[in-house]
Amino acid sequence: MSRKLGEVLISHRALDEEKLLAALSDQRAFGGKLGRTLVDLGYVTEDQLVRALSEQLSLDTVDMDTADVHEDALRCLSVDVCERYGVFPVRVDSRQKILWVATAEPDRQSLQELAQIAQHTLEPMLASMSSIDRAVRRYYFGERTGPAPRLAEPLRTVPDLPPPRPSPAQPLGPVAPEGAAQDGVQELRTLLVRIEKEVTAQSRAFRALVELLQEKGIIRRGELGQRAAKK
């Protein structure tokens, strides 16, 4: 059985218990996945997260800043789908209908939905979140992109939290679509992708506002998560 993500990071000495609890507090307040929360807080680097996930899920890694991206693969997923699921299509075997996708935090349910949309069997590979974002902007929008490092904020408070929810316990392999997507179902999924994109944009704006308030000392790290747990 694979270890939880937090356990792997702690074993790598990339994280300690205090920061893990604080990250779980923020995750509960803002939603999203634990890995992205840890990186956003500056508690782990993207490289540390990718290495931990690679060990946890037994997946290969890919550097999206230097990867050889196949043009045919880009036709398999729309930019809205890439942004919603945090993935990028790297290459495709059209004969066998296999699509290799870079992802920062894979989970089987999301990949199953993605396989259904693409109607290909997915071979997930791990890449950093920022490199996937840069690849999306470069290949779908034609932008010239480069790394944008983020500074961390020191830990100020650690709330009491229940035990963390378990991460996937089994290595993650190929994910095949369950069946042919019907036109009505595909149209509904496309609509849901667009709606979720708007919600995600609003969530990012709210998080940016909260981070600004934290930088000014108006609220403290973990405070929103602690209060949300009491609701």
Side-chain angles (χ1 to χ4, degrees), residues 26-27 30-54 59-94 98-107 110-111 113-120 122-152 175 186 189-212:
D26 261 38
Q27 181 194 23
F30 297 111
K33 294 185 178 180
L34 177 59
R36 181 173 288 274
T37 300
L38 288 166
V39 172
D40 285 346
L41 291 174
Y43 293 161
V44 301
T45 67
E46 289 190 312
D47 287 342
Q48 288 171 328
L49 177 61
V50 168
R51 287 196 296 269
L53 287 170
S54 177
L59 290 179
D60 292 333
T61 62
V62 59
D63 183 354
M64 289 310 305
D65 291 323
T66 59
D68 181 18
V69 176
H70 293 190
E71 185 176 345
D72 289 346
L74 299 176
R75 302 190 185 99
C76 296
L77 295 175
S78 70
V79 63
D80 286 348
V81 170
C82 290
E83 290 180 334
R84 179 197 177 190
Y85 289 95
V87 300
F88 189 88
V90 179
R91 65 179 186 271
V92 63
D93 185 330
S94 299
I98 300 174
L99 178 65
W100 283 262
V101 293
T103 175
E105 289 184 284
D107 67 79
S110 296
L111 289 173
E113 294 174 7
L114 193 62
Q116 193 72 15
I117 292 171
Q119 285 298 292
H120 281 65
L122 299 187
E123 285 280 0
M125 301 183 292
L126 286 167
S128 69
M129 292 173 279
S130 62
S131 71
I132 291 175
D133 291 340
R134 288 193 295 272
V136 168
R137 298 200 304 274
R138 182 165 67 250
Y139 286 97
Y140 284 99
F141 298 107
E143 296 182 14
R144 291 187 176 183
T145 57
R150 184 186 181 111
L151 296 178
V175 180
Q186 186 64 37
R189 286 197 176 117
T190 301
L191 178 61
L192 289 174
V193 166
R194 291 175 181 172
I195 293 173
E196 187 164 334
K197 183 180 178 181
E198 293 296 327
V199 173
T200 300
Q202 293 176 7
S203 176
R204 287 175 179 171
F206 174 69
R207 181 158 193 154
L209 174 61
V210 172
E211 288 179 348
L212 179 61

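For clarity, every value in this text was computed on a predicted model and none was experimentally measured.
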### Message
Between Gln48 (side chain only) and Thr45 (backbone N and O only), is there a donor and an acceptor less than 3.5 Å apart?
### Response
yes
### Query
Between Ala104 and Ser128, which heavy-atom pair has the shortest distance, and what is it?
CB-C, 4.4 Å
### Query
Would you say Ser54's side chain and Val50's backbone share a donor-acceptor pair under 3.5 angstrom?
no
#### Entry: Heavy-atom side-chain proximity of Met125 to Thr61 below 4.5 angstrom
no
### Message
As a quick check of understanding, evaluate side chain to side chain contact (heavy atoms under 4.5 Å, CB included) for Tyr43 and Thr37, giving each step before the final call.
### Response
CA-CA 9 Å; Tyr43 293 161; Thr37 300; over 6 Å; no
### Query
How far apart are the closest heavy atoms of Ile98 and Glu123, and which atoms are they?
CG2-CG, 3.6 Å
### Pair Glu71-Tyr139, side chain to side chain contact (heavy atoms under 4.5 Å, CB included): steps then yes or no
CA-CA 9 Å; Glu71 185 176 345; Tyr139 286 97; over 6 Å; no
### Task
Could you check Leu114 against Gln116 for side chain to side chain contact (heavy atoms under 4.5 Å, CB included), going step by step and ending with a plain yes or no?
CA-CA 5 Å; Leu114 193 62; Gln116 193 72 15; over 6 Å; no
### Cys82 to Leu77 - nearest heavy-atom pair and separation
SG-CB, 4.0 Å
### With Leu74, the side-chain contact (heavy atoms from CB on, under 4.5 Å) member among Val79, Val90, Val69
Val69
### Summary
dist Asp60:CG -> Leu126:CG (nearest 0.5 Å) comes out at 8.5 Å
### Summary
Heavy atoms of Ala73 and Pro89 approach each other most closely as O-CB, 3.3 Å
### Query
Would you say the side chain of Asp80 lies within less than 4.5 Å of the side chain of Arg84, judging by non-hydrogen atoms?
no
## Note on the structure
Looking only at heavy atoms, the pair that brings Pro106 and Lys33 closest together is C-NZ, 4.5 Å
#### Entry: Distance, nearest 0.5 Å, that separates CD of Glu113 from CG of Asp107
8.0 Å
### Pair Arg91 + Asp72: basic N to acidic O under 4.0 Å
no
#### Entry: Val136 side chain reached by Phe88 side chain, heavy atoms, under 4.5 Å
yes
### Task
Say whether, by atom type as modelled, one donor and one acceptor occur between the side chain of Glu46 and the main chain of Val39 under 3.5 angstrom.
no
### Query
How long is the span from the CH2 atom in Trp100 to the NE2 atom in His120, to the nearest 0.5 Å?
10.0 Å
### Atom of Gly35, atom of Glu105 and distance for their closest heavy-atom approach
N-OE2, 2.7 Å
### Summary
Interatomic distance, OG1@Thr103 vs OH@Tyr85, rounded to 0.5 Å, equals 11.5 Å
### Task
To the nearest 0.5 angstrom, please state how far the CZ atom of Arg75 sits from the OG atom of Ser94.
9.0 Å
### Message
Tell me whether Gln27 contacts the main-chain N or O of Gly32 through its side chain, where contact means a donor paired with an acceptor under 3.5 Å.
### Response
yes
